Amino acid sequence: LDPKGRGGTTGYDMAVALPGLQSGEEGDAELFKENNKTFDVGQGRIEMEVNKVNAEESEIGGVFVASQPGDTDMGSKVPKKILTKGIFYAKIQ
């Protein structure tokens with residue numbers, strides 16, 4: 001089992017381990033986000049531009065830029081912004 005409890009979408013919601021810094025009265029505020037996981041889907045954006053077209057072979061190619069939020073460790077961390085740039089190729093059928 002995953003000790004961080006990331007299995008909420010696959011059928012289990014937590015793993016049992018020795019809890020550190022928790023007495024039921026103090027220490028839980030610091031670990032609240034670690035202990036209470038959430039499954040959030042962030043919004044991303046992609047822009048694609050076709051630069052080349054080969055009509056004889058039914059192929060296209062171009063560049064893309066994608067922006068999306070990074071991993072939050074199931075809600076316990078602030079997501080970083082991920083920017084991905086690249087080249088794409090496709091064959092149309």
Side-chain angles (χ1 to χ4, degrees):
L1 291 178
D2 184 358
K4 292 188 176 183
R6 292 178 284 217
T9 59
T10 58
Y12 71 91
D13 59 354
M14 64 177 256
V16 179
L18 297 174
L21 294 176
Q22 291 180 315
S23 64
E25 295 178 13
E26 56 186 65
D28 194 44
E30 297 173 13
L31 298 174
F32 182 79
K33 288 185 176 181
E34 291 288 335
N35 293 333
N36 298 290
K37 300 293 186 175
T38 59
F39 182 76
D40 295 325
V41 177
Q43 292 294 318
R45 177 183 167 98
I46 186 167
E47 295 179 23
M48 302 175 86
E49 180 179 320
V50 176
N51 292 335
K52 296 188 179 192
V53 176
N54 183 340
E56 294 175 6
E57 300 288 329
S58 298
E59 298 173 343
I60 62 171
V63 295
F64 70 91
V65 177
S67 175
Q68 67 187 50
D71 180 36
T72 65
D73 193 19
M74 298 295 292
S76 65
K77 295 180 176 55
V78 176
K80 295 179 181 176
K81 183 177 179 182
I82 298 174
L83 183 65
T84 308
K85 299 178 183 181
I87 301 169
F88 72 90
Y89 159 84
K91 185 163 182 87
I92 310 297
Q93 293 185 354

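All figures in this text were calculated on a predicted structure; none of them were measured in a lab.
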* Chi angles and distances behind the side chain to side chain contact (heavy atoms under 4.5 Å, CB included) call for Asn51, Val63 -> CA-CA 7 Å; Asn51 292 335; Val63 295; 3.8 Å; yes
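Screening residues 42-52 for salt bridge (charged side-chain N to carboxylate O under 4.0 Å, His left out) gives Arg45-Glu47 as the qualifying pairs, with residues at least two apart or on separate chains.
Two residues are said to be in side-chain contact when any heavy atoms from C-beta on lie closer than 4.5 Å; Lys81 and Ser67 meet this criterion.
When hydrophobic clusters are built by joining Ile, Leu, Val, Met, Phe, Trp and Tyr residues whose side-chain heavy atoms come closer than 4.5 Å, directly or via intermediates, Val50 is not grouped with Val65.
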Please table the atom pairs, donor to acceptor, closer than 3.5 Å between any side-chain atom in residues 82-93 and protein atoms at least two apart or in another chain.
from	atom 1	to	atom 2	distance (Å)
Tyr89	OH	Glu59	OE2	2.9
Lys91	NZ	Glu57	O	2.9

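In terms of heavy-atom proximity, Pro79 sits nearest to Gly70 at CB-O, 3.5 Å.
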